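As structure tokens, the structure follows; a few thoughts come after it.
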Protein chains: 2
Amino acid sequence: MKEIEKKLQFRNIKPTSMRLLVYKVLKKKQKAISLYEIEQEFDNVDRSTIFRTLKTFQTKYLIHSVDDGTGAVKYALCDDDCTCSLNDLHVHFLCNKCGQTFCFKEVPVPIPKLPEDFSFESANFVVKGICSTCK
Amino acid sequence: MKEIEKKLQFRNIKPTSMRLLVYKVLKKKQKAISLYEIEQEFDNVDRSTIFRTLKTFQTKYLIHSVDDGTGAVKYALCDDDCTCSLNDLHVHFLCNKCGQTFCFKEVPVPIPKLPEDFSFESANFVVKGICSTCK
DNA sequence: TAACTAATTGCAATACTGTTGCACTAGCTT
DNA sequence: AAGCTAGTGCAACAGTATTGCAATTAGTTA
Ligand SMILES: [Mn+2]
Ligand SMILES: [Mn+2]
Ligand SMILES: [Zn+2]
Ligand SMILES: [Zn+2]
């Protein structure tokens, strides 16, 4: 338990009870999940509180977000040493069957050759298909 | 002018005046643009009509869509021989400065090696940076 | 041509996600 | 204890996408 508090403190986030709860949900899921999904995990927690918690987490590089095209942004825990820079970019996978979104942290985003004078700053690469469970 | 009508008919789309107008806007822009941007090009055209026009176009592979993370889906013309299959997938580029979204039709989406038992069906690859104009 | 039919369009209402203002509270500091 | 600050809850709002339904148009048949 202290474990989680340390993780937050390491990222300069005051470990309030709400934040610990949200963190635990993200930890438990081990996937990228939406604000709505997090909300469903609780009985009486306000959406905007979760929303602001996620913003805080993201600013401090505790989590990153993915837009998988389903309409809702999804969030997942970063690795301990993540700074959400180019090196930390990885491929995400949306299962067309179950709708779950996976972090493929071991699959880096390939950097394609761009036309002259277009610079690369970041990227969102979402692969869609069928996941191993739904196969 | 007949030119455009033929393009629509070739895709089995009845070339109504609304549809010709929407097509012409997409043609003129030569970029991926949102429903809202298309709406702005006209004085008195209903949003839902444009919306349904785009759905029709997309179903018939006349256009494809990109979710670039800006909140609004963007649409761009397909090539004549496009069937929106794996071969037709290409990289899109969102300029962080001007917000415009470009189709890089000559840059195919790289297919990364996925973990065991995850299948590839399609992908959305959006690169973000500064475009050649904003540079 | 008149009547009939199906597709298209316009208008209004709604859903869904994300975002903000503001008041209240809990916890820390002096 | 009083004051200060970050965090929280509630409600309202914004932006985009989507739908129901009635009105219109285009095409077809008698
Ligand atoms: Mn991830
Ligand atoms: Mn494109
Ligand atoms: Zn699945
Ligand atoms: Zn630009």
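All of these numbers come straight from a predicted model, not from anything done at the bench. First the proteins, then the strands, lettered A, B, ... as listed; each starts at 1.
- Rounded to an integer number of Å, the gap from B:Leu54 CG to D:dT16 P is 15 Å.
- Listed by first then second residue, pairs satisfying salt bridge (charged side-chain N to carboxylate O under 4.0 Å, His left out) with a partner in residues 121-135 of chain A read A:Lys135-B:Asp117, not counting sequence neighbours.
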Tabulate below the donor-acceptor pairs under 3.5 Å that side-chain atoms of residues 50-62 of chain A make, not counting sequence neighbours, or state none.
unit_1  : atom_1 : unit_2  : atom_2 : d
A:Thr53 : OG1    : A:Thr49 : O      : 2.8
A:Thr56 : OG1    : A:Arg52 : O      : 2.9
A:Gln58 : NE2    : A:Ser65 : OG     : 2.9
A:Thr59 : OG1    : A:Lys55 : O      : 2.8
A:Lys60 : NZ     : A:Asn12 : O      : 2.9

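- Taking the six-membered ring where the residue is Trp, B:Phe118 and A:Phe102 present perpendicular rings, their angle passing 60° and hence far from 30°.
- We find that OH of B:Tyr23 is positioned 18 Å from P of C:dT8, with the value rounded to whole Å.
- Atom CG in A:Asp67 sits roughly 14 Å away from atom P in D:dT16 (whole-Å rounding).
- Per the geometry, CD1 belonging to B:Ile50 stands 12 Å off P belonging to D:dA17, to the nearest Å.
- Residues satisfying the side-chain hydrogen bond (donor to acceptor under 3.5 Å, both in side chains) test with A:Ser48, not counting sequence neighbours, are A:Asp46.
- As rounded to whole Å, 13 Å separates atom C1' of D:dA17 from atom CD of B:Gln58.
- Listed pair B:Thr49 / C:dG10 meets the phosphate criterion, a side-chain N or O lying under 4.0 Å from OP1 or OP2.
- With sequence neighbours excluded, the residues satisfying side chain to side chain contact (heavy atoms under 4.5 Å, CB included) with A:Ala72 are A:Ser34.
- Sorted by first and then second residue, the salt bridge (charged side-chain N to carboxylate O under 4.0 Å, His left out) pairs involving residues 77-104 of chain A (not counting sequence neighbours) are A:Lys7-A:Asp80, A:Asp79-A:Lys105.
- A:Arg19 has its CZ atom 15 Å from the C1' atom of D:dG9, to the nearest Å.
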| Under 4.0 Å protein heavy-atom contact, by nucleotide of nucleotides 12-30 of chain C - B base, S sugar-phosphate only | -----SBSBB---------

